[in-house]
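Reading through the structure tokens given below for one structure.
It should be emphasised that the depicted structure is a prediction, and the values quoted were computed from it without experimental measurement.
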Amino acid sequence: MAYSTLTYVCDGRIARITLDRPQRLNAITTETPGDLEAAIRAANADERVHVIVLSGNGAAFCSGYDLKDFAESENRIIQTEMPWDPMKDYALMKGFTEQFMSIFRSYKPVVCKVHGYALAGGSDIALCSDIIVMAEDARIGYPPARVWGCPTTAMWVYRLGAEGAKRMLLTGDLITGIEAKAMGLVTDAVPAEKLDQRVEELADRMAGIPKNQLMMQKLMINQALTNMGLESTQMIATIFDGITRHSPEGMAFKRRAEDVGFKQAVTERDSGACLEEIWDVMTGPVQYD
């Protein structure tokens, strides 16, 4: 199968899925979720494969959704003008979420290798994996929790628990691989020059185990998370994601990005400043034409 945003290679008992838009730090396009789902399906159908390694080409694992065009223009694939149809928004974003969750539901374990950045939607992809290994100097986080996003997979909760998830999503902070390991968010953090070696050690260790054993262990653990309400939590998170983009602050962010560019708007959002004071935030009733 041909993929537009990633590469897929079978290497003995290991399938290697590599996000491959290095010029955009592997930012997510509308094609990325479907490519990921198709590659995961291919790996699961291949009798040779025991383990999947997921990584990114270039300077980063994944910088999140490629929102520059959406924020700066009238592109309406994600952001729509008022009046807003929340169920149309939900159907689109829930579809992307389900495709990301193909990593979680994969019968074969997925080891995610994070270098550079795993931001916003990129963190969603990483956190759907079974085991994450980060470079110590890599950074992971969900900055749109400040304005214009809610993590639709909700995997922060299931990996960190309530307190840890609140620490990350009530600040929108980025943390290093070292901090992520200390919090229990990732399995390991190693110096960047040892990242490949550590990932290969884990993948090789699992590759010698029968596929049925790997499948049973993963299904059992995933079922525990499902019993904890994963699906209903994701429904709420995905609805809230749409609302964040259409709140007064979300609409102000969109206007600001159109005026000064997405990069500047994000810098202001993540600065820690009181956004109501630096943006033109409409807090009264919305006026429709």
Side-chain angles (χ1 to χ4, degrees), residues 1-8 17-43 52 54-82 84-106 110 112 116-129 142-145 147-155 234-235 237-246 250-251 253-254 257-258 261-263 265-266:
M1 177 176 173
Y3 305 96
S4 63
T5 64
L6 56 82
T7 61
Y8 175 90
I17 299 173
T18 307
L19 302 177
D20 196 21
R21 297 183 70 233
Q23 72 281 5
R24 295 291 295 162
L25 297 180
N26 299 317
I28 300 163
T29 70
T30 53
E31 289 78 29
T32 305
D35 279 354
L36 276 169
E37 182 180 42
I40 292 292
R41 187 185 310 118
I52 301 166
L54 175 61
S55 62
N57 186 21
F61 171 69
C62 180
S63 60
Y65 278 94
D66 201 344
L67 293 178
K68 184 176 186 293
D69 290 340
F70 296 119
E72 293 181 355
S73 71
E74 294 298 316
N75 191 318
R76 298 185 181 186
I77 295 176
I78 294 179
Q79 171 78 24
T80 60
E81 298 301 317
M82 291 294 189
W84 166 57
D85 185 342
M87 290 298 97
K88 183 177 180 180
D89 192 304
Y90 174 80
L92 175 70
M93 296 307 298
K94 181 61 171 173
F96 290 160
T97 302
E98 288 300 302
Q99 289 171 322
F100 290 157
M101 287 296 287
S102 65
I103 300 169
F104 177 84
R105 289 189 292 265
S106 168
V110 180
C112 184
Y117 292 95
L119 303 182
S123 69
D124 276 322
I125 293 173
L127 296 180
C128 284
S129 303
Y142 197 90
V147 168
W148 232 48
C150 180
T152 60
T153 66
M155 292 305 294
Q234 288 182 341
M235 178 184 291
T238 305
I239 292 171
F240 282 179
D241 183 61
I243 293 173
T244 66
R245 283 179 269 108
H246 298 85
M251 298 298 285
F253 175 83
K254 177 70 161 63
E258 291 172 359
F262 183 63
K263 183 176 181 180
V266 167

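Rounded to the nearest 0.5 angstrom, T153 OG1 and D124 CG are separated by 3.5 Å. Atom CZ of F240 and atom CE of M235 lie 12.5 Å apart (nearest 0.5 Å). Note that SG of C128 is 10.0 Å distant from CD1 of I40, once rounded to the nearest 0.5 Å. Note that CZ of R24 is 4.0 Å distant from CG of D66, once rounded to the nearest 0.5 Å. A distance of 9.0 Å separates OG1 of T97 from CG of L92, quoted to the nearest 0.5 Å. Atom CD1 of I125 is separated from atom CZ of F100 by 4.0 Å, given to the nearest 0.5 angstrom.
Within the 4.5 Å cutoff, side-chain heavy atoms of H246 are placed close to those of D89. Counting only heavy atoms from C-beta outward, the side chains of I52 and S106 approach each other to under 4.5 Å. Taking the side chain as every heavy atom from C-beta outward, L36 and L19 approach each other to under 4.5 Å. The side-chain heavy atoms of Y65 and T32, taken from C-beta on, include no pair separated by under 4.5 Å. The shortest side-chain heavy-atom distance between L67 and W148 falls under the 4.5 Å cut-off. Between S129 and L127, the closest side-chain pair of non-hydrogen atoms is not below 4.5 Å. Residues T7 and N57 fail the side-chain proximity criterion, which asks for heavy atoms closer than 4.5 Å.
Side chain of T244 to main chain of G149: a donor-acceptor pair is present (N/O by atom type, distance under 3.5 Å, no hydrogens or angles). R21 places a side-chain N or O within donor-acceptor distance of the main-chain N or O of A27, the cut-off being under 3.5 Å.
The nearest pair of heavy atoms linking I28 to P33 is CG2-CD, 4.1 Å. Between S123 and A118, the shortest heavy-atom distance links the atoms CB-O, 3.6 Å. The shortest non-hydrogen separation linking A237 to A154 is CB-CB, 4.4 Å.
Residues passing the side-chain contact (heavy atoms from CB on, under 4.5 Å) test with P86 are W84, sequence neighbours excluded. Considering only residues two or more places apart in sequence or on other chains, E98 meets the salt bridge (charged side-chain N to carboxylate O under 4.0 Å, His left out) condition with K94, R105. Every salt bridge (charged side-chain N to carboxylate O under 4.0 Å, His left out) that D241 has, sequence neighbours left out, goes to R245.
The environment of OH in Y117 is sparse: at most 12 heavy-atom neighbours from other residues, nucleotides or ligands sit within 6.0 Å. Around the OH atom of Y90, the shell of radius 6.0 Å holds more than 12 heavy atoms that belong to other residues, nucleotides or ligands.
Each of L119, L54, T18, N26 was evaluated against F61; a single residue qualifies, L54, per the side chain to side chain contact (heavy atoms under 4.5 Å, CB included) test.
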